[in-house]
Student: 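Encoded as structure tokens, here's the structure I'll be asking about.
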Amino acid sequence: MSEQKILATVDGVNITDAEVDAFIASLPREQQMYAQNPDFRAQCFNEVLSLHLYAKMGKEEKLDETEEFAKYMESAKKDILSQLAMRKVLSAVEVTSEECREYYNDHKSRFQREASASAKHILVDTEEKCLEIMEAIKSGEKEFEQAAREFSSCPSGAKGGDLGTFGPGQMVPEFDKVTFEAPIGEVVGPVKTNFGYHIIKVEDRTEAKIAEFEMVESQVRRIVTQQKQADVYAAKFAELREKYLER
């Protein structure tokens, strides 16, 4: 195990970068993305340092000998024991491949993958310009991608008009209709939208379909595991209620 960098020492106890990392890992996910930002890490270090400093103060003032401290410790002990016991119960849950396959077969509609299309386009202001560019492409005078870089007012022009992959409804209706109906590889236009006039070339298209089991097996396993754990939790709760609840 590599030696951890010591950032500070309080009363003989070292604060390491690993402790700061652990603190950051306990934060909401949207904050964790700043983990490598120096200012954010400095802020987190100060939070960790604050815990150590105030704990030292509390010890010096013998707050750990108070009745209030004892109550907090008893509550924390109960929470920890409960969490460990639940983890032990739920960790015994096992899910077989047969159970996953059975769930998939019974709930295939949950694994529907919507249609998608990959397309390139050229956007200009006028229909006349659109027709002129289309003629140059169809005659072989210009490649589609070259024309997009030269004439398209869309930022995608810098990438030869490439819009990537998208699903139904992600583009304006007029554009959407063409990309999910036009023959693949054919140059189509002019297509008028509120943005202007488009020349469109559909690169690829995938029809809506049920995902194969192998593609979603890990997702299915998570679902089945959660369901079995919920059942085990409920059963154990009922058992413990019967065993320990005083009437």
Side-chain angles (χ1 to χ4, degrees), residues 1-95 113-114 116 118 149 152-167 169-171 211 215-230 232-233 236-237:
M1 184 174 178
S2 60
E3 186 175 335
Q4 296 295 333
K5 180 180 178 182
I6 298 173
L7 305 177
T9 302
V10 176
D11 194 29
V13 177
N14 293 329
I15 302 174
T16 67
D17 54 356
E19 188 173 354
V20 175
D21 288 338
F23 175 82
I24 293 173
S26 71
L27 297 174
R29 184 169 298 178
E30 60 270 19
Q31 294 182 35
Q32 293 179 29
M33 67 177 67
Y34 300 107
Q36 302 307 316
N37 180 285
D39 292 337
F40 181 73
R41 289 190 67 85
Q43 180 183 340
C44 291
F45 164 72
N46 282 331
E47 292 286 344
V48 174
L49 177 60
S50 175
L51 290 173
H52 282 264
L53 294 175
Y54 276 100
K56 174 60 178 173
M57 171 188 166
K59 191 172 182 65
E60 284 186 347
E61 297 191 4
K62 300 185 184 301
L63 295 179
D64 55 340
E65 298 176 12
T66 64
E67 184 178 342
E68 185 179 16
F69 179 82
K71 288 181 179 178
Y72 278 125
M73 287 298 293
E74 187 61 31
S75 177
K77 181 179 177 181
K78 179 180 62 179
D79 288 344
I80 294 168
L81 281 172
S82 176
Q83 290 296 325
L84 289 174
M86 280 191 279
R87 185 186 303 173
K88 181 179 180 181
V89 169
L90 298 182
S91 65
V93 172
E94 295 183 353
V95 175
R113 294 293 184 262
E114 69 173 13
S116 64
S118 301
R149 283 189 285 268
S152 184
S153 61
C154 177
S156 65
K159 299 184 293 182
D162 190 4
L163 293 170
T165 301
F166 48 89
Q170 290 184 250
M171 301 295 181
M215 298 295 294
V216 294
E217 184 174 3
S218 60
Q219 179 185 351
V220 174
R221 185 172 293 276
R222 284 195 300 272
I223 294 171
V224 176
T225 299
Q226 289 169 359
Q227 289 186 350
K228 290 190 72 174
Q229 286 180 336
V232 168
Y233 177 90
K236 179 59 72 172
F237 176 80

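Along the sequence shown, the residues carry numbers beginning at 1.
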Student: Who pairs with D11 by side chain to side chain donor-acceptor pair (under 3.5 Å), at least two apart in sequence or on another chain?
Tutor: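 With neighbours one apart ignored, the set is K56.
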Student: Are any side-chain N or O atoms of Q32 and backbone N or O atoms of A25, one a donor and one an acceptor, separated by less than 3.5 Å?
Tutor: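 Yes, because the side chain of Q32 sits within donor-acceptor range (under 3.5 Å) of the backbone of A25.
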Student: Using the side chain to side chain donor-acceptor pair (under 3.5 Å) criterion, which residues pair with S82? Sequence neighbours excluded.
Tutor: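 Per chain and number, S82 pairs via side chain to side chain donor-acceptor pair (under 3.5 Å) with no residue.
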Student: Mind listing the closest non-hydrogen atom pair of C44 and F23 along with its distance?
Tutor: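 So the minimum-distance heavy-atom pair works out to CB-CD2, 3.8 Å.
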Student: Do you know the tightest heavy-atom contact between G157 and S152?
Tutor: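 The answer is CA-CB, 4.1 Å.
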Student: What distance do S91 atom OG and Q229 atom CD have between them, rounded to the nearest 0.5 Å?
Tutor: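 The OG atom of S91 sits 9.0 Å away from the CD atom of Q229.
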Student: By side chain to side chain contact (heavy atoms under 4.5 Å, CB included), which residues pair with E19, not counting sequence neighbours?
Tutor: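 So E19 forms a side chain to side chain contact (heavy atoms under 4.5 Å, CB included) with I15, T16, V48, H52.
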Student: According to side chain to side chain contact (heavy atoms under 4.5 Å, CB included), who are the partners of P155, at least two apart in sequence or on a separate chain?
Tutor: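 Partners of P155 under the side chain to side chain contact (heavy atoms under 4.5 Å, CB included) test: none.
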Student: side-chain hydrogen bond (donor to acceptor under 3.5 Å, both in side chains): which pairs involve residues 60-75, sequence neighbours left out?
Tutor: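 Checked against side-chain hydrogen bond (donor to acceptor under 3.5 Å, both in side chains) - neighbours excluded - no pair reaches residues 60-75.
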Student: Rounded to the nearest 0.5 Å, how far apart are NZ of K59 and CZ of F69?
Tutor: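 K59 NZ to F69 CZ: 8.5 Å, rounded to 0.5 Å.
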Student: So which atom in E114 and which in G167 form the shortest heavy-atom distance, rounded to 0.1 Å?
Tutor: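 Taking every non-hydrogen atom into account, OE2-CA, 3.6 Å.
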Student: Surrounding CE of M86 (heavy atoms of other residues, nucleotides or ligands, distance under 6.0 Å), is the total greater than 12?
Tutor: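 For M86, atom CE is crowded (more than 12 foreign heavy atoms under 6.0 Å).
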Student: Can you tell me how far the CG atom of N46 sits from the CG atom of L51, to the nearest 0.5 Å?
Tutor: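 It comes to 11.0 Å.
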Student: Minimum heavy-atom separation for F45 and A8, please, with both atom names.
Tutor: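 For F45 and A8, the tightest heavy-atom pair comes out as CZ-CB, 3.8 Å.
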Student: Is there a side-chain contact between D21 and R41, using heavy atoms and a 4.5 Å cut-off?
Tutor: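 Yes - at least one pair of side-chain heavy atoms lies under 4.5 Å apart.
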Student: Taking the side chain as every heavy atom from C-beta outward, state whether L163 and M171 have any pair of such atoms under 4.5 Å apart.
Tutor: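 When only atoms from C-beta onward are counted, M171 and L163 do touch, with a gap below 4.5 Å.
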Student: May I ask you to test the D162-S156 pair for a side-chain heavy-atom distance under 4.5 Å?
Tutor: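 Side-chain contact under 4.5 Å: no.
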Student: Please check if atom OH in Y34 has more than 12 non-hydrogen atoms from other residues, nucleotides or ligands closer than 6.0 Å.
Tutor: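 Open: at most 12 neighbouring heavy atoms sit under 6.0 Å from OH of Y34.
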Student: Can you measure from NZ (K159) to SG (C154) and round to the nearest 0.5 angstrom?
Tutor: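 Between atom NZ of K159 and atom SG of C154 there are 8.5 Å.
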Student: So do Y233 and L90 actually touch side chain to side chain, heavy atoms under 4.5 Å?
Tutor: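 A side-chain contact under 4.5 Å exists here.
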Student: How long is the gap from NZ on K228 to OG1 on T225, to the nearest 0.5 Å?
Tutor: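 Taking NZ in K228 and OG1 in T225, the distance rounds to 8.0 Å.
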Student: Is the number of heavy atoms from other residues, nucleotides or ligands within 6.0 Å of CD (E30) greater than 12?
Tutor: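 Counting other residues, nucleotides and ligands, CD of E30 exceeds 12 neighbours.
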Student: Looking at residues at least two apart in the chain, or sitting in another chain, which of them share a side chain to side chain contact (heavy atoms under 4.5 Å, CB included) with Q219?
Tutor: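 Testing Q219 for side chain to side chain contact (heavy atoms under 4.5 Å, CB included), a comparison that skips the adjacent residues, returns F111, R113, V216, R222, I223.
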